[in-house]
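Fair warning: this is a prediction, and the values are worked out from it, not measured in the lab. So that the names make sense, note that chain A is the first sequence line, chain B the second, and so on, each numbered from 1.
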Amino acid sequence: MKQDIPKAYNAQNVEDSIYKVWEESGFFNPDNLKGDKTFTISMPPPNATGQLHIGHAMFLTLQDLMIRYHRMLGEKTLWLPGTDHAAIATNAKVEKLLKEEGKTKYDLGQEKFIARVQEYIKQSQGTIRQQIRKVGSSCDWSRERYTMDEGLTKAVQTVFLNMYKDGLIYKGYRIVNWCPHCESTLADDEVEHKDQPAKLYYIKYGPFVVATSRPETKLGDTGVAVHPKDQRYKKYIGQIINIDLAGHKIKIKVFADKEVDQEFGTGAIGVTSAHSLVDFAFAEKHDLEKIQVINEKGTMTKAAGKYAGQKVLEARKNFLSDLSKAELLVKEEDYTQATAICYRCGTAVEPLMSSQWFVKVESLKKKAITAVKSKKIKIIPERFNKIYFQWMENLHDWCISRQIWFGHRMPVWYKKDDKEKNNPIVQIEDPGKGYFQESDTLDTWFSSGLWTFSTLGWPGKTEDFKNFHPTTVMETGYDIIFFWVARMILMSEYALQEIPFKTVYLHGLVRTRDGKKMSKSHPETCIDPLDAIKKYGCDALRMSLVVGNSAGNDLKIYDEKIENYRNFVNKLWNVSRYILMSSENLEIKELSINTLADQFIISRLQNIISSTTNNLNNFNFGQAGEDLYDFVWHDFADWYIEITKFQPNKEMLLFVLENILKLLHPFIPFVTEEIWKQFKQDELLMIEEWPKANNKLIDNKAEKEFDFLKDIIIQIRNLRSQYKIEPKKIITVYSRKKYADDEKKIIEKLGRCEIKVEWPDSKNKTSELANSHYKFSVVLGDLIDTAKEKKRLQQEIDGLKKYLTGLEKRLSNTNFIKKAPKNIVAQEKIKLAEKQKLLKDLKDNLDSL
RNA sequence: GGGUGUAUAGCUCAGUUGGUUAGAGCGUCACAUUGACAUUGUGAAGGUCUCUGGUUCGAGUCCAGAUACACCCACCA
């Protein structure tokens with residue numbers, strides 16, 4: 001008999017020590033697990049210098065849930081954790097730190113700057129590691145990786161080298177997205193579009209008028225495009241025209257292209273080859289000169305003539321004023337423009353000419369599309385397939401070089417005298433003196449794309465790689481399907497000719513109660529996972545991140561919700577406390593099923609075991625959690641346990657509890673493990689075997705029978721409540737049916753009544769109750785309010801009549817009889833008979849009042 | 001411009017391939033309180049399932065259209 005269990009579950013007192021026991025047990029490591037089948041998840045690596053936010057908490061919970069479930073299924077389960085170097089973000093952070101010391105990165109130089117960054121990461125990496133543990137993550141720390149560690153760097157260099165050899169990586173001079181703030185290129189998907197009010201300026205342009213939202217770029221125009229059939233401009237096609245733009249002289253070539261829309265603007269486009277992607281395409285096609293008028297810092301170049309050295313906006317203002325003075329500015333129009341901005345800093349992206357490294361995607365994307373089309377990779381929810389295909393099909397060559405100092409250096413070298421970097425030498429080994437390495441670094445997503453296999457020791461031929469790749473599930477947010485999921489498929493298909501994972505499970509975003517994205521911009525409604533854990537316990541947080549949500553959908557979270565699951569965790573605690581405290585022997589020798597209640601609970605348990613198993617197999621985590629919540633609180637605690645207070649069955653209580661703990665463990669690992677410890681000191685719930693349903697114990701008849709009993713009790717309680725009968729008063733209930741002793745006792749105890757199996761003297765004032773199976777009446781004596789009772793019955797009769805009318809109509813419809821399945825018709829007929837009988841009973845009752 | 005999602009009780013959401021009189025939690029109201037649990041128990045009130053058509057014996061569920069909100073993609077100068 002245990003007496004020393006605290007009344008309320010105190011998560012804070014136990015979580016850390018339980019985590020320590022788990023971690024030290026070695027069972028996070030699949031090497032210590034038995035089983036032939038493997039189950040692998042690569043953890044999406046949080047930023048090495050980051051702080052845990054609610055989004056992390058959500059993915060950690062979902063992944064841990066899967067991992068714990070599969071571990072209990074007896075699979076060799078690997079959850080490989082790690083951190084990401086997050087090039088741009090980390091680079092920026094350290095630059096900021098330097099600035100506080102009054103220094104810039106140029107004072108240090110690239111080598112020392114990187115050393116400084118590494119030092120900073122080392123220092124702050126511990127934070128996120130500890131925070132990942134706080135959520136209960138059962139990942140294998142012995143295999144933890146970091147995107148910049150030696151092995152991963154080797155993988156990056158190897159893939160780069162191979163791609164270069166295969167002609168899939170090339171250096172090209174072309175328009176790229178340039179962020180003047182980050183001073184680096186951006187990939188196409190790192191550019192966001194935001195609608196902004198803008199002005200469209202119409203400029204007189206020799207014989208043409210052209211429209212532009214960026215007048216300053218016109219200083220570098222080298223062409224005018226018109227539609228081949230445009231009568232207005234036909235005569236100019238092929239001519240080279242000198243144009244004076246308020247003193248700035250340009251020479252343009254007029255050419256025809258079907259892409260031009262005659263209706264938009266003036267039908268004539270001033271072509272700025274070096275600062276617009278569309279125009280660049282024109283320039284390539286029609287062989288135009290490309291003049292760069294804006295440089296990497298966002299200032300005008302020498303080619304911009306007298307505007308050289310001015311910032312873009314400044315130059316625009318001055319140029320417009322000059323045009324206006326020269327009467328070349330025809331008109332201005334307001335319109336909304338989708339402005340391209342940097343996804344990281346929000347600065348307007350400057351398209352400009354630059355020599356950069358690219359990945360040729362044409363052949364890769366075909367494979368990546370096939371991988372999903374062929375169903376080798378399954379995306380959950382399915383609708384993201386379409387989004388994935390669309391994106392893949394429109395993918396352009398991927399710019400992978402960044403001018404950020406921190407990141408994977410490319411294995412590219414130049415001779416000391418090749419200052420223009422025209423003749424790259426691609427090899428992993430340093431060619432030694434006389435050479436210098438490319439200072440550009442690689443897009444973070446290049447290394448992230450290798451994550452599923454670079455973390456397993458590839459390119460080495462390791463056991464881990466053989467055993468755990470392809471990984472089983474990739475669980476991540478739908479917001480990085482392009483950045484990351486798509487890249488992993490591309491890279492894995494290229495490097496291994498193999499998919500990186502079999503299933504992609506996409507979760508949604510975590511939002512505040514009013515639907516805002518949880519970010520630092522509205523701290524008032526933001527949930528900090530660490531605060532929530534402190535306040536409500538980790539298990540409560542986990543439940544509220546899982547229940548009420550399904551794949552691909554956003555989740556709203558707020559305090560009351562977490563509080564509710566804290567209450568649930570506490571309920572489970574007290575259920576266990578009750579069972580443990582009232583059980584002298586904690587061993588289950590032989591399970592005996594004696595009563596209807598026993599039959600009911602053991603049957604329901606089998607059902608919940610199989611439904612939970614099915615739901616988890618089908619990634620319906622929310623549903624599984626909700627069903628368990630319901631089973632524990634209502635079926636088990638509210639009904640079964642209450643009944644065992646007068647029909648004890650200690651072994652059954654223990655048995656059901658054990659199973660509940662197992663089923664709930666993947667959702668709420670801490671409290672379940674803590675309770676488990678109370679009666680199995682030397683065993684860990686974490687590696688217990690997942691329950692299997694025993695279909696022989698499923699008893700639908702008993703479940704139905706039990707539901708009728710519940711119905712009777714609820715009706716009696718309802719009546720007591722209506723008549724405000726003192727809770728302690730025992731009332732008399734007459735029943736026409738003779739109940740088995742155990743059933744009779746259940747009604748008597750839970751309805752606080754005494755059952756007499758005889759029909760009451762009609763002179764007694766009674767309230768009569770009935771359901772479709774049993775008729776019974778409650779003697780209320782002087783308490784009865786005839787008028788009230790009549791009204792109640794009348795209401796019930798009215799409702800029933802309405803329902804019967806519908807039912808009769810349905811059954812008299814020959815089409816229904818003919819076309820509906822037979823079992824449905826039969827079912828409806830039974831229903832009709834039952835309800836008619838009930839109606840008659842109710843009417844009799846009313847008459848007798 | 002192209003695409004996707006969502007719309008069910010005051011709030012947050014379930015509702016599986018169409019088949020009872022549409023469910024839960026929170027909140028609200030009423031009642032209960034020393035023995036697992038007030039982080040509780042018992043009961044109640046609360047819904048034209050956004051709208052309009054259609055398919056069907058039967059639609060919250062399927063189809064079409066509309067409206068509202070959210071999101072993603074996109075190089076119309």
Side-chain angles (χ1 to χ4, degrees), chain A residues 5 7-9 175 188-189 193 200 210-214 225 259-261 263-272 276-281 337-338 340 351 381 383-384 386-387 390-391 394 478-479 481-482 508-509 511 513 515 536 540 547-550 552-558 560-561 563-582 615 618 620 622-623 626 629-630 633-634 637-638 641-642 645 714 717-722 724 726-728 750 799-800 802-803 806-807 810 813-821 823-825 827-828 831 835:
Chain A
I5 306 171
K7 266 179 107 159
Y9 172 62
I175 295 244
D188 290 346
D189 50 352
H193 298 269
L200 200 59
V210 298
T212 180
S213 58
R214 302 200 50 197
E259 297 284 302
V260 180
D261 178 356
E263 305 300 318
F264 190 89
T266 59
I269 308 175
V271 177
T272 315
S276 153
L277 221 68
V278 196
D279 294 5
F280 180 81
Q337 189 191 32
R383 69 182 132 93
F384 283 95
K386 201 170 170 181
I387 295 172
Q390 221 168 33
W391 185 82
N394 293 320
Y478 66 69
D479 52 334
I481 179 167
F482 306 134
L509 301 174
R511 295 179 179 278
R513 181 174 215 133
Y536 305 107
V547 179
N549 190 230
S550 53
N553 292 321
D554 293 353
L555 170 82
K556 291 180 185 174
I557 192 169
Y558 38 86
E560 294 96 302
K561 203 165 174 175
E563 211 175 292
N564 178 240
Y565 290 111
R566 188 267 322 262
N567 295 354
F568 171 69
V569 167
N570 190 58
K571 185 75 184 180
L572 177 67
W573 177 258
N574 273 290
V575 161
S576 315
R577 178 170 179 254
Y578 172 67
I579 294 171
L580 292 167
M581 279 178 21
S582 55
N615 278 326
N618 295 315
N620 295 324
Q623 192 61 51
E626 199 176 321
Y629 177 102
D630 218 53
W633 205 316
H634 300 115
D638 289 350
I641 293 182
E642 286 309 311
K645 287 178 181 170
I714 286 166
R717 283 170 175 169
N718 196 340
L719 207 68
R720 298 183 64 113
S721 165
Q722 272 181 37
K724 303 209 187 304
E726 263 182 74
K728 280 178 186 161
L750 299 183
L800 198 56
K802 208 171 144 194
Y803 173 60
L807 205 56
R810 195 177 311 159
N813 183 340
T814 48
N815 273 330
F816 174 70
I817 306 289
K818 250 191 279 174
K819 293 187 180 172
N823 62 322
I824 298 287
V825 177
Q827 198 183 303
E828 297 286 288
K831 233 184 282 167
K835 297 294 171 182

Self-check item: Criterion side chain to side chain contact (heavy atoms under 4.5 Å, CB included) on A:Ile387 and A:Phe482, from CA distance to verdict
Solution: CA-CA 9 Å; A:Ile387 295 172; A:Phe482 306 134; 3.4 Å; yes

Quiz item: Contact class for A:Lys571 (heavy atom, under 4.0 Å): base, sugar-phosphate, or nothing?
Solution: base

Exercise. Look at all strands and tell whether A:Arg566 reaches a base, only sugar-phosphate, or nothing, counting heavy atoms closer than 4.0 Å.
Key: base

Exercise. Starting from the 5' end of RNA chain B, give me the residue, A:Leu800 or A:Ser721, whose nearest nucleotide shows up first.
Key: A:Leu800

Quiz prompt | Of A:Gln827 and A:Val210, the one whose closest RNA chain B nucleotide lies more 5' | solution = A:Gln827

How long is the line joining [atom1] of [X] and [atom2] of [N], in whole Å?
X: A:Phe568; N: B:A36; atom1: CZ; atom2: P; value: 20 Å
X: A:Asp261; N: B:C75; atom1: CG; atom2: P; value: 17 Å
X: A:Arg214; N: B:C75; atom1: CZ; atom2: P; value: 15 Å
X: A:Gln390; N: B:G2; atom1: CD; atom2: P; value: 12 Å
X: A:Asn618; N: B:U16; atom1: CG; atom2: C1'; value: 10 Å

Exercise. Using modelled atom types only, decide if a donor and an acceptor are shared between the side chain of A:Asn553 and the backbone of A:Asn549 within a distance under 3.5 Å.
Key: no

Quiz item: Nucleotide by nucleotide, 5' to 3', does protein get under 4.0 Å of the base (B), only the sugar-phosphate (S), or neither (-) in nucleotides 53-62 of chain B, counting heavy atoms?
Solution: ----B-----

Quiz item: Can you tell me if the side-chain N/O atoms of A:Asn718 get under 4.0 Å from OP1 or OP2 in B:A44?
Solution: yes

Quiz item: Does B:U4 have OP1 or OP2 sitting under 4.0 Å from an N or O in the side chain of A:Lys386?
Solution: yes

Quiz item: Is there a donor N/O on one and an acceptor N/O on the other, under 3.5 Å, for the side chain of A:Lys645 and the base of B:A36?
Solution: yes

Quiz item: Has the side chain of A:Glu642 got a donor or acceptor atom sitting under 3.5 Å from an opposite partner on the base of B:A36?
Solution: yes

Taking [M] as the reference, what is the distance to [N] when you measure between their [atom1] atoms (whole Å, please)?
N: B:G53; M: B:A70; atom1: P; answer: 28 Å
N: B:C75; M: B:U67; atom1: P; answer: 28 Å
N: B:U55; M: B:C63; atom1: C1'; answer: 7 Å
N: B:U4; M: B:C26; atom1: C1'; answer: 31 Å

Exercise. For A:Lys802, look at atom NZ and say whether over 12 heavy atoms of other residues, nucleotides or ligands are found less than 6.0 Å away.
Key: no

Exercise. Look up atom CG in A:Asp189 and atom CD1 in A:Ile481, then write down how far apart they are to the nearest 0.5 Å.
Key: 12.0 Å

Quiz prompt | CD1-OH distance between A:Ile641 and A:Tyr578, expressed to the nearest 0.5 angstrom | solution = 7.5 Å

Self-check item: Presence of salt bridge, A:Arg720 and A:Glu726, under 4.0 angstrom
Solution: no

Give every pair of a protein N or O atom and an N or O atom of nucleotides 23-28 of chain B that lie under 3.5 Å apart, one pair per line with the distance.
residue, atom, partner, partner atom, Å
B:G25, O2', A:Asn564, OD1, 3.1
B:G25, O2', A:Asn564, ND2, 3.4

Practice problem: Walk me through it: do A:Asn564 and A:Tyr629 pass the test side chain to side chain contact (heavy atoms under 4.5 Å, CB included)? | Solution: CA-CA 11 Å; A:Asn564 178 240; A:Tyr629 177 102; 3.4 Å; yes

Quiz item: What stems, by residue range, does RNA chain B take part in, given at least 3 consecutive Watson-Crick or G-U pairs under 3.5 Å?
Solution: B:1-7 with B:67-73, B:10-13 with B:23-26, B:28-32 with B:40-44, B:50-54 with B:62-66

Practice problem: Please identify each residue that fulfils ring pair (Phe, Tyr, Trp, His ring centres under 6.0 Å) with A:Tyr478, with sequence neighbours left out. | Solution: A:Phe384

Quiz item: Residues in side chain to side chain contact (heavy atoms under 4.5 Å, CB included) with A:Lys831, at least two apart?
Solution: A:Tyr803, A:Leu807, A:Gln827, A:Glu828

Self-check item: Test side chain to side chain contact (heavy atoms under 4.5 Å, CB included) applied to A:Asp630 - qualifying residues, sequence neighbours left out
Solution: A:His634

